[in-house]
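Being a predicted model, the structure only gives us computed values, none of them experimental. The chains referred to below are lettered A, B, ... by the order of the sequence lines, with proteins before strands, and numbering in each begins at 1.
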Number of protein chains: 2
Amino acid sequence: MAWNTERTKELLLAAATAEFSANGLAGARVDRIAAAAGVNKERIYQYFGKKDDLFDAVLAAEMIRVMTEVPIRGSGPEAFGDYAGRLFDRHTTDGVLPRLVFWEGLERGRETVSRATRTDHCAIKVGQVMDVLPGVDREDAADLLITVVTLCDGWPVLPQIDALLAGSAPDRAVRRRAAIVRTATLMAGALLTDARAKEAAHPGV
Amino acid sequence: MAWNTERTKELLLAAATAEFSANGLAGARVDRIAAAAGVNKERIYQYFGKKDDLFDAVLAAEMIRVMTEVPIRGSGPEAFGDYAGRLFDRHTTDGVLPRLVFWEGLERGRETVSRATRTDHCAIKVGQVMDVLPGVDREDAADLLITVVTLCDGWPVLPQIDALLAGSAPDRAVRRRAAIVRTATLMAGALLTDARAKEAAHPGV
DNA sequence: GCAATTTCCAACCAAGTAGTTGCAATTGGC
DNA sequence: GCCAATTGCAACTACTTGGTTGGAAATTGC
């Protein structure tokens, strides 16, 4: 098993992802990560530095994974609503990223937040939203994206409030999904209408 | 200072609220709570039982406080949008409740979630939403409430994504507030239209 | 002032923590 | 088969935690 350093890193990253997702930054146990990976504890410090750095690596990797698995494509409000639905599905079947993001938001101060979540990756998504909804400016696109991401990410992290909905757990998820898709579509449509009205009033460049 | 047990409990509850909000359930330190309250550690175990029970007490008290401070009143989609705005303001000036709710969602399993957040208090709010939007059924009202609560609570807990918005911190909050109010109003209006259409098609009881 | 209760103080316990170290065993390239 | 790098093992350090305990001091109703 030795000599394959890449494999060792992957094992550690996968184990760390599960551990951090379940227990957060402070709650995660380095010993558990090493044990789950079937790798020795010192490898973590050797390859990733301190616990905090390992968390950063986990978060960045998971963001990239979700961003590539759930692309924004097509055009128009319905296309954006479709994106919202796919993001919801992704987070409902695997709530790892939402949990990591909320752990970070709660445990870290505004200044110590990782670069990955701060803008680097998110800004790309804003650009994609602008592509789907031509005419909508960057600020409005950011607002819309924040709304949808908050709704999709919040669901797997708030087991309390889903008790407000009736039926079985799958039923509740289906209901919630429909509500989010509708919200996304409606808001996207409203922003598009705004943009066209503004363009008609002040024919821009 | 002795002999006033009620005062002692209040001091402990206030200190515990700040500590749990900042550090979560596992991250909170009993010693710090006692020190901040200027009260001895054993009082906590005497009055509230274990750490977990103290957290429950804190969460329930904070929910009741916010529910009474931010009532749902008036009628129509704009009234509901106004509620969303006031809830956002409340959470932006004091993010304690959102933090407590998300800490609980992350740290506790679906089954061990406190009674306070599970349905007891939330169900009351659903009823109030139905009053503001007459004709909307309980399920739709719950959907709408979940959407607004998720958006308002998510904002103070996700310092990462607000970097997507431009301008100073207050500016970003103003923008976000407007976006949430608009979403709430629009969705409330849509649900109301649905309800009236359904009523017209199948004149009910 | 007296008695009952509440509180403070300080130490204590068993358990668990991140991070380090020295050494032997394993592995792959050659 | 040899050598150099990687890894497992196990112990260790210095520290922190929730929760408990025993006795002395402070407070209030009467």
Does the side chain of B:Ile44 reach to within under 4.5 Å of the side chain of B:Val30, using non-hydrogen atoms? yes
Report the distance from atom CD1 of B:Ile44 to atom P of D:dG18, rounded to the nearest whole Å. 9 Å
Any side-chain heavy atom of A:Met187 within less than 4.5 Å of one from B:Met187? no
With a 4.0 Å limit, can you tell me whether B:Arg29 has a side-chain N or O closer than that to the phosphate oxygens OP1/OP2 of D:dT16? no
For residues 72-82 of chain A, tabulate all N or O donor-acceptor pairs below 3.5 Å that involve a side-chain atom, not counting sequence neighbours.
unit_1	atom_1	unit_2	atom_2	d
A:Asp82	OD2	A:Arg86	NE	2.9
A:Asp82	OD2	A:Arg86	NH2	3.2

Starting at CD of B:Gln46 and ending at P of D:dG18, how long is that distance when rounded to a whole Å? 19 Å
Would a 4.5 Å heavy-atom cut-off, applied to side chains only, mark A:Thr93 and A:Asp89 as touching? no
Whole-Å distance, B:Asp31 CG to D:dT20 P, equals 13 Å
So does A:Tyr47 get a side-chain nitrogen or oxygen closer than 4.0 Å to the phosphate oxygens (OP1/OP2) of D:dT7? yes
Would you say that B:Glu62 contacts B:Phe20 through its side chain, given a criterion of any heavy-atom pair below 4.5 Å between the two side chains? no
Going by heavy atoms in the side chains, are B:Leu54 and B:Leu13 under 4.5 Å from each other? yes
Rounding to a whole Å, what distance do you find between A:Lys50:NZ and C:dT17:C1'? 16 Å
Looking at DNA chain D, which of residues 13-28 of chain B put a heavy atom within less than 4.0 Å of it? B:Ala28
With a 4.5 Å limit on heavy-atom distance, are the side chains of A:Ile146 and B:Leu158 in contact? no
Identify each atom pair where a protein N or O and an N or O of nucleotides 9-11 of chain D are less than 3.5 Å apart, giving names and distance.
unit_1	atom_1	unit_2	atom_2	d
D:dC9	N4	A:Glu42	OE2	2.1

Just so I know, are the side chains of B:Trp155 and B:Phe88 near enough to count as touching, which here means a heavy-atom distance under 4.5 Å? yes
From CG of B:Asp52 over to P of D:dG18, roughly how many Å is that when rounded to an integer? 12 Å
Check the orientation of B:Phe102 and A:Phe102. Use parallel for under 30°, tilted for 30 to 60°, and perpendicular for over 60°. parallel
Rounded to the Å, how far apart are B:Leu12 CG and C:dT6 P? 15 Å
